[in-house]
Amino acid sequence: RFLGSIGSHPIWESLEYFGKFEANNKPKFFSENEISKLSETMLPRLYRYRFDPSHKTRETMKKLWSIFIEGIGKNGEKSELEIISSHFDSIIEYLLKVSQSKKKNNRISSCSALSSLVRNKEWFYLKKYVIELWDNLAELCNDFREEVQLKAGEFSKALSSVSIKFCDKSENSSNEAVVVLINWLLKSGIVNSSIQIR
């Protein structure tokens with residue numbers, strides 16, 4: 001349904017043109033402000049679909065993602081990492097929501113997408129989400145579908161690694177991170193039924 005609804009959307013034509021023409025020759029199918037607003041909705045979905053269990057869906061979304069990134073990146077003025085960082089809140093909030101979906105493929109792709117998103121991120125980005133991330137991970141590790149549990153295991157490694165880094169004495173975030181994470185560990189972590197979480 002998502003592929004069908006966006007496949008013929010004129011934004012793709014607009015974004016493709018962005019990569020082919022100089023600034024003063026760009027066609028005005030969409031203003032930069034309109035594309036910015038659309039990106040808040042589309043970027044999180046495209047980000048997740050790149051990790052979909054379906055090979056066909058993954059490959060299609062990777063192509064659409066590249067077009068979109070090139071378009072809103074203004075021909076290399078912004079890197080992919082910078083674009084993701086500037087839309088980090090909308091991406092992670094969407095992924096956290098979809099990770100609780102009733103659809104198995106949504107939970108699987110969300111695990112993989114979250115693993116990618118949190119890796120090497122600074123405390124500044126994750127501090128208001130870290131508890132919710134661990135709570136969601138606990139549920140995913142206890143999922144009744146083995147495929148989801150496997151992807152949750154990968155997510156667990158990524159989140160554990162970044163959480164340990166936050167608590168390192170060399171990090172500016174260490175004091176705040178230790179308090180937040182220790183509180184969660186004592187309240188929910190060590191009593192969790194999942195071996196991976198404990």
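Just so it is clear, the structure is predicted and the values come from calculations on it, not from any experiment. FYI, side chains are in, hydrogens and waters are out, and symmetry mates aren't considered; it's all heavy atoms of this structure.
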| Side chains of Ser115 and Glu154, donor plus acceptor under 3.5 Å | no
| message | Against the six-membered ring of Tyr47, is Arg45 placed for a cation-pi contact (under 6.0 Å from the centre, within 45° of the normal)? | response | no
| task | Locate the shortest heavy-atom distance separating Arg58 from Pro53; write the atom from each residue and the value. | result | NH1-O, 3.1 Å
| message | Within the 4.5 Å heavy-atom criterion, are Leu159 and Phe155 side-chain neighbours or not? | response | yes
| task | State, with a plain yes or no, whether a side-chain heavy atom of Leu43 is found less than 4.5 Å away from one of Ile69. | result | yes
| message | Quick check: closest heavy atoms across Val118 and Val162, and the distance to 0.1 Å? | response | O-CG2, 3.7 Å
| message | Any donor-acceptor pair under 3.5 Å linking the side-chain atoms of Arg48 with those of Ser109? | response | yes
| remark: For Asn136 and Leu96 the tightest heavy-atom approach is ND2-O, 3.0 Å
| note | Rounding to 0.5 Å, atoms CG (Leu140) and CZ (Arg145) come to a distance of 13.5 Å
| Distance under 6.0 Å and angle within 45° of the ring axis: does Lys97 meet both against Tyr94? | no
| task | Answer yes or no: is there a side-chain heavy-atom contact under 4.5 Å between Pro44 and Leu95? | result | no
| Considering all heavy atoms of both residues, which atom of Trp134 and which atom of Ser163 are nearest to each other, and what is their separation? | NE1-OG, 3.2 Å
| task | Search all heavy atoms of Leu137 against all heavy atoms of Ser156 and return the closest pair with its distance. | result | CD2-CA, 3.6 Å
| query | Is it the case that more than 12 heavy atoms not belonging to Asn183 sit under 6.0 Å from its CG atom? | reply | yes
| request: Could you verify whether a donor N or O on one side chain and an acceptor N or O on the other, from Tyr129 and Asp89, lie under 3.5 Å apart? | output: yes
| Looking only at heavy atoms, which two atoms of Glu147 and Lys104 are closest? And how far apart? | OE2-NZ, 3.4 Å
| Other residues, nucleotides, ligands: >12 heavy atoms within 6.0 Å of Lys62 NZ | yes
